[in-house]
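Single-structure report; data block below.
Values reported hereafter were calculated over all heavy atoms of this structure, with side chains retained and with hydrogens, waters and symmetry mates removed. To find a chain, count down the sequence lines: A is the first, B the second, and so on, and within it residues start at 1. Bear in mind that the values here come from a model prediction, so they are computed numbers and not experimental data.
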Number of protein chains: 2
Amino acid sequence: MASTLEEIAELSGVSRSTVSRVVNNDPRVSEATRELVLEVVRKEGYRPNLAARGLALGRSNVIAAVIPVGFENVLSDPYFPSLLQGMASAADTNDHFLMLSLGEPGFRHTVDEIARQGVVAGVIFSASKVDDPLLERLVATGTPVVSVGRPYDERVSYVDIDNRGSARQMTTQLLRLGYRRVALIAGPSFAPAAVDRSDGYADALSGFGLRVDENLIYEGDFSEASGRAGMRTLLEHRPDAVFSASDRMAAGALNEIRSAGLRIPEDIALVGFDDMPLAAEMEPPLTTVRQRPHQLGAAAATLLLDLLADPTGSPKRVILPTELIVRASCGSQLNQETLSR
Amino acid sequence: MASTLEEIAELSGVSRSTVSRVVNNDPRVSEATRELVLEVVRKEGYRPNLAARGLALGRSNVIAAVIPVGFENVLSDPYFPSLLQGMASAADTNDHFLMLSLGEPGFRHTVDEIARQGVVAGVIFSASKVDDPLLERLVATGTPVVSVGRPYDERVSYVDIDNRGSARQMTTQLLRLGYRRVALIAGPSFAPAAVDRSDGYADALSGFGLRVDENLIYEGDFSEASGRAGMRTLLEHRPDAVFSASDRMAAGALNEIRSAGLRIPEDIALVGFDDMPLAAEMEPPLTTVRQRPHQLGAAAATLLLDLLADPTGSPKRVILPTELIVRASCGSQLNQETLSR
DNA sequence: CAATACAGTGGGAGCGCTCTCAGGAGGACG
DNA sequence: CGTCCTCCTGAGAGCGCTCCCACTGTATTG
């Protein structure tokens, strides 16, 4: 089992350089030699030494996923696992490795280290607080970065879903169904995704000639507890429908509505955002906007790899589609066809 | 900003070798020189190039977490995220990086690659099917491996919880509370953890002079659906208590018990295993065995690092403690004190 | 005081790869 | 038929590090 370029060269009677070219798909090799070398490579089960390659190249084929939020915050929500899986899948497909850097307090140190010195070719940054100073540091050091979710820094490429459009669409559905006092449990205003969803909500209202009633808006923090608290406040203003900017907040809202002795959707309609697994199992099942974290992760990795391949050019963005999932909680069993647009 | 050993050597007026010794804490350097060099290192923000070090050393400071199950299977369960976080935390503490390899079908290729050629110093293997052929391959190639959960292969070091003891303890509690027809919804027999829990259940019965009634045992696959199906079968044999080898199966069982019009714990007691977040929120809250995946992950990483530092010696194992969490579903509000042992 | 030990240091080689450059063989062209 | 170009190949250098070995100077020993 030969394990160096040199040995493969020896075995196939060519030079190290030629083997290197074959391995790297350099076109300047005759078809005959290529076949010959590939045969030996296959037979010997040769794999290039990545450390050596990284050293010679000055860069590596490892990309890092940086998730500064810490998983603890997202328990019960498979968002981050799915995201990671998507990244891992795309990285693997493109012969890259995925390195993980989570966000516990003491971790920052290592992230910087990772970003330096060719340990990692680029970074996928994924946090709820997208203006994280860490992101700035990465950008400042010239590390190729892709953000999951729109960051404040416009120089950063990112992947995202159409939060604003999806929220508009969802809110519009509620309005179409005849609801007129549509409340919003918004996400935290420091999160671009939350702001976008709030904007989409407002878009929909003005599309129906309605104006935003601040009494019908509550700013939560995406947590179930804040959803519950928000609902308690909002109920005082008698909404006939509630759009929660996340399913988790919707779950909290649902509990509060129950406690108030109201029925969903008869007394009040409730819709969410994310389509986390729990949504379908709520009582009643929750109408929501489906996003696919797995695809988002894969898109992020792919975008980063593109950036790595062609470092020039302006920041890129990739917006993934969402899907309106209509379930009982909005008081309609209209089929999707009717509902989408 | 100097970035190579050579430059630091230049700047501090010593040789490359000396700087290398300082950086690697080699004792054969005078205190004065060490101080001097360290000063320059600090001032220049020097970090060794890991690719170069990996190449020279023939190994790297990256460890891989291999999780062949695929996250999709474990949605709604933060087990793997917590595990990963624990690993990442321990790796970071010890100046190592964590590389992620998930288990989608096409991934195997890359895992092998990872294991070769000093990309990765060692592997943490974590799967429900612990006799995964991949594990064997890793062992065969001499890659240092630590398994999360007891593997069949005895040459493999592992971390685990005391599944058997915990299950015995839990079952014993049910028996102490007076239940005599204690059923078991077991995990799949290919999983050592499941087998151990079943053994613990049997231990407890025989401790009370009872014999195992095959009619009161159902083999599930840890999934909620199998818990529900198992419960349906078991109900025909009128158990007065059920020990489910996982909380997820317990959730399924709970639904089935409800559907049958029975009350928990009045008509039948139900206890689980894992203490996933959902357990506390069940109706009624679930008595269960708490394990801490975060600690498990950290222990796995630490063990692997130990192995790396001292490759000689026989396989090691680390068994982490569990905790009995008593909630309403077992029909007892006895305090923990009374219950443990 | 000579012989020996040893702490501290520097230089060279080499880890396995990629890249640049030089050169040979063969075809196209005037 | 000589010249030029193109295609393919090989040799050398170097990426930044660690290791081994050789060396110097001082301390220890009989």
[N] [atom2] sits how many Å from [X] [atom1], rounded?
X: A:Leu5; N: C:dG16; atom1: CG; atom2: C1'; result: 7 Å
X: B:Leu50; N: C:dC17; atom1: CG; atom2: P; result: 19 Å
X: B:Asp26; N: C:dG10; atom1: CG; atom2: P; result: 13 Å
X: B:Leu57; N: C:dG14; atom1: CG; atom2: P; result: 18 Å
X: B:Asn49; N: D:dC15; atom1: CG; atom2: P; result: 12 Å
X: B:Asn24; N: D:dG16; atom1: CG; atom2: P; result: 17 Å
X: B:Ile8; N: D:dT18; atom1: CD1; atom2: P; result: 13 Å
X: A:Leu55; N: D:dG14; atom1: CG; atom2: P; result: 14 Å

Mind checking whether [X] and [Y] have side chains closer than 4.5 Å, heavy atoms only?
X: A:Glu39; Y: A:Leu36; value: no
X: B:Leu83; Y: B:Ser126; value: yes
X: A:Val41; Y: A:Arg47; value: no

key: the helix from C:dC1-D:dG30 to C:dG30-D:dC1: angle between end helix axes, five pairs per end, rounded to 10 degrees   =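 End axes: 40° apart.
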
query = Among B:Asn163, B:Asp160, B:Asp196, which one satisfies side-chain hydrogen bond (donor to acceptor under 3.5 Å, both in side chains) with B:Arg150?
reply =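 So the option named by the test is B:Asp196.
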
key: Short side-chain N/O contact to C:dG16 OP1/OP2 from A:Tyr46, under 4.0 Å   =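 For A:Tyr46, the contact criterion (side-chain N or O under 4.0 Å from OP1 or OP2 of C:dG16) is not met.
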
request  = Check step by step if side-chain contact (heavy atoms from CB on, under 4.5 Å) holds for A:Asp162 and A:Thr322.
outcome  = CA-CA 7 Å; A:Asp162 180 9; A:Thr322 58; 5.6 Å; no

request  = If a protein heavy atom is under 4.0 Å from the base, mark B; if only from the sugar-phosphate, S; if neither, -; do that for nucleotides 4-12 of chain D going 5' to 3'.
outcome  = ----SBBBB

key: Stepwise side-chain contact (heavy atoms from CB on, under 4.5 Å) test for B:Leu84 and B:Leu100   = CA-CA 9 Å; B:Leu84 271 179; B:Leu100 196 58; 3.5 Å; yes

request  = I would like to know whether B:Ser20 and B:Ser17 meet side chain to side chain donor-acceptor pair (under 3.5 Å); could you show each step before the answer?
outcome  = CA-CA 5 Å; B:Ser20 173; B:Ser17 307; over 6 Å; no

query = Who passes salt bridge (charged side-chain N to carboxylate O under 4.0 Å, His left out) against B:Arg155, sequence neighbours left out?
reply =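 With sequence neighbours excluded, B:Arg155 shows a salt bridge (charged side-chain N to carboxylate O under 4.0 Å, His left out) to B:Glu136, B:Asp153, given in chain and number order.
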
Working for side-chain contact (heavy atoms from CB on, under 4.5 Å), residues B:Arg53 and B:Val23 = CA-CA 12 Å; B:Arg53 174 178 282 175; B:Val23 169; 3.7 Å; yes

